[in-house]
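First comes the structure, then the notes that go with it.
Just so you know, these numbers use all the heavy atoms, side chains as well, and skip hydrogens, waters and symmetry mates. Heads up: numbering here begins at 1 and tracks the sequence. Since the structure is predicted, the reported quantities are computational estimates derived from the model, not experimental observations.
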Amino acid sequence: MDSKKYCRQFILPQARCMDWAEKSAVTSAPVWCSVDLRDGNQALVEPMDLNTKLEYYKLLLSLGFKEIEVGFPAASETEYEFVRALIERGLIPDGVTIQVLTQAREHIIRKTFEAVRGAKNVIVHMYNSTSVAQREQVFGKSKEEIKKIAVDGALLLRRLAEASGADYRFEYSPESFTGTEPEYALEVVNAVLGVWQPTAARKAIVNLPATVENAMPHVYAQQVEFVHKNMKFRENVVLSLHPHNDRGTGVAAAEFGLLAGADRVEGTLFGNGERTGNCDLVTLAMNLYSQGVESGLDFSDMPRIAQSYTQFTGMEISPRQPYAGGLVFAAFSGSHQDAIAKGMRYRAEKGGIWSVPYLPIDPKDVGREYDSDVIRINSQSGKGGVGYVLEQAYGVKLPAKMKEAVSYRVKHVSDEGRRELKAPEIFEVFANGYLKPRARFDLGEVHYRQENGITASVEIVTDGAAKIVSATGNGRLDAVSNALKEFFGISYTLTGYEQHALSAGSFAQAVSYVGVEKDGKIYWGAGENSDIIRASVYALVSAVNNLLQDEV
């Protein structure tokens, strides 16, 4: 690898353009334009057929897009027929504008106008490349010759629109803008605008594409700000961005460009596009949303959107894709799980703005669930996560000291299987370890009477044989405990006892947790019954069974 063959390919404007750097955030949503059906489609190994494009188009409408670049009609018959289908079938709602792309070449422009005849709201998007590399290596043309291509195309657009009587809007892109001298790009843009003479009632769009992302995002921002400050007819121009993602900073470039004065962004769902893709409009819109800015786009059912996108394009979404990936809200680390669980409880009690640790937004806002999407349990998980899952999914509120013991059992199962455990599997580990242990003994009937305390007559069943043992204690649970100690000849201390209701109402189930300590080690049990005393006794039986089993 020889880095010396690369140099800084970006070109900064000669004038200082750093006002954007003084701003801390984008405070309003841009005009959104989806280019999924053109830029995204042409980047697919197998471009979508007409029916698939129609389904994708309907998805974009459902998300709230009002401007959609539907194709390059002169590029193929499928592209042309798709545009015609939208128009002839009446599939363009009022308030929605379709956009079509054309090179600044006469026969392509004319074919494009044929494609959109009869449509009410249309943006005709014309481009030609202005970069140093394209001028020198591809076209072999001077700056004046390149500018003339743009101006001639702009004139033809105006004439054809006037001849058709259509009130089309025009958009111009100096392709490879980021590889063009900003002063020259501005010169070409102003020449095109001079032809179109935009008005407040019929604004033009000037689009500044980072066709190849070749510099850090702050460079793009300076280039955008230069055009924003010096463009003619600025009040009658919508300044648009079209960042690509070659350096992996397409979203950042768009955000900086908006700070620099842009009004509009073109991009795709999940960043699909040529090479490393376009600006990801899902991430960009959700970034705004996470800062309290309404985006105007509806991503409240992200799983459905992601599934549809994969179905239509054949492209996979990374599990780490911001906001949409299967694991972006997942916490496996024990410390992260504990912080999230505590943060959720704090929010439930205190309310206020969203500030839960490790979760930049509320997963429910994009159709995700806490118990299945956020706290994910594997061998790296901790007591906080295991406790949270049991509480959220089953209402089981483990005592603080018991959480560690349960989590060790869960982690052991996960580690042996080398896999994640779902909520039902976690509950099964809990139940087998603490609700059901009866390996050494079980109880039959228990009767109580009060005399100098509480006396319990306990039927203890071992190896199919039953024996009645009586003992006295300062309460019913203590009396049963003393009977077990006498029968098995063991000594331990009741060290933990908690209980709570699993449900409300007269038929509520109660769950109790009991810990017994021997030689510095605590053995836990749990019991469930509509009667709290029975639930407590069952928990004691499980705990003592665990103690006896450990001594085998």
Side-chain angles (χ1 to χ4, degrees), residues 32 34-48 52 55-56 59-60 63 65 210 212-213 216-217 242-255 265-291 295 297-333 336-337 340 358-381 385 418-422:
W32 303 104
S34 160
V35 295
D36 292 81
L37 300 176
R38 196 278 302 173
D39 205 339
N41 186 52
Q42 76 183 34
L44 299 176
V45 176
E46 296 182 12
M48 292 178 276
T52 305
E55 291 302 310
Y56 203 132
L59 171 66
L60 295 171
L63 299 180
F65 284 99
V212 176
E213 189 180 33
M216 294 173 70
H242 187 113
H244 276 248
N245 197 44
D246 298 88
R247 289 172 54 91
T249 55
V251 169
E255 291 177 326
V265 179
E266 295 185 347
T268 59
L269 301 183
F270 309 115
N272 181 37
E274 299 279 16
R275 305 179 308 280
T276 52
N278 292 288
C279 173
D280 176 6
L281 296 187
V282 177
T283 299
L284 182 60
M286 290 304 303
N287 282 356
L288 290 174
Y289 179 81
S290 73
Q291 295 296 311
S295 72
L297 298 176
D298 182 3
F299 296 117
S300 59
D301 191 355
M302 196 71 77
R304 177 187 69 87
I305 298 165
Q307 182 181 25
S308 297
Y309 165 84
T310 298
Q311 176 187 340
F312 297 151
T313 66
M315 301 286 289
E316 296 295 327
I317 294 175
S318 167
R320 302 297 181 190
Q321 179 84 14
Y323 303 104
L327 296 177
V328 296
F329 298 112
F332 292 100
S333 161
H336 287 206
Q337 292 174 343
I340 290 171
Y358 300 111
L359 295 180
I361 68 165
D362 185 346
K364 286 186 177 294
D365 286 355
V366 288
R368 305 289 289 275
E369 295 297 328
Y370 299 132
D371 56 349
S372 59
D373 291 317
V374 178
I375 305 295
R376 306 280 291 270
I377 305 300
N378 64 13
S379 61
Q380 305 301 307
S381 302
R418 297 188 178 278
R419 63 186 181 87
E420 177 187 358
L421 299 186
K422 302 298 184 182

Check: Phe299 ring centroid to Tyr323 ring centroid under 6.0 Å:
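Distance test on ring centres: not under 6.0 Å, no.
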
[X] side-chain N/O to [Y] backbone N/O, donor-acceptor pair under 3.5 Å:
X: Thr268; Y: Asn272; result: yes
X: Trp32; Y: Ser295; result: yes
X: Thr52; Y: Met48; result: no
X: Arg320; Y: Gly326; result: no

Is there a side-chain contact between [X] and [Y] in this structure, where contact means two heavy atoms from C-beta onward sitting under 4.5 Å apart?
X: Asp280; Y: Gln321; value: yes
X: Met302; Y: Val282; value: yes
X: Leu60; Y: Leu37; value: yes
X: Thr283; Y: Phe270; value: no
X: Asp39; Y: His244; value: yes
X: Leu59; Y: Arg304; value: yes
X: Leu44; Y: Phe312; value: no
X: Leu284; Y: Cys279; value: yes

Evaluate the side-chain hydrogen bond (donor to acceptor under 3.5 Å, both in side chains) criterion for residues Glu266 and Asn278: first the C-alpha distance (whole Å), next the side-chain angles of each, then the deciding distance (0.1 Å), finally the verdict.
CA-CA 8 Å; Glu266 295 185 347; Asn278 292 288; over 6 Å; no

Shortest non-hydrogen contact between [X] and [Y], atoms and distance:
X: Ala254; Y: Pro243; answer: CB-CG, 3.9 Å
X: Gly250; Y: Asn245; answer: N-OD1, 2.8 Å
X: Ala43; Y: Glu274; answer: CB-N, 3.4 Å

Does a donor on one side chain and an acceptor on the other come within less than 3.5 Å for Thr249 and Glu213?
yes

Supply the atom-to-atom distance [X] [atom1] to [Y] [atom2], rounded to the nearest 0.5 angstrom.
X: Leu281; Y: Met286; atom1: CG; atom2: CE; answer: 13.0 Å
X: Leu63; Y: Asp298; atom1: CG; atom2: CG; answer: 7.0 Å
X: Met315; Y: Leu269; atom1: CE; atom2: CG; answer: 12.0 Å

Could you give me the CA-CA distance, side-chain angles and deciding distance for Tyr56 and Ser308, then say whether side chain to side chain contact (heavy atoms under 4.5 Å, CB included) is met?
CA-CA 8 Å; Tyr56 203 132; Ser308 297; over 6 Å; no

Name the atoms and distances for all side-chain donor-acceptor pairs under 3.5 Å in residues 358-367, with sequence neighbours left out.
| from | atom 1 | to | atom 2 | distance (Å) |
| --- | --- | --- | --- | --- |
| Asp362 | OD1 | Lys364 | N | 3.0 |
| Asp362 | OD1 | Tyr370 | OH | 2.5 |
| Asp362 | OD2 | Tyr370 | OH | 3.2 |
| Lys364 | NZ | Glu369 | OE1 | 3.0 |
| Asp365 | OD2 | Tyr289 | OH | 2.9 |

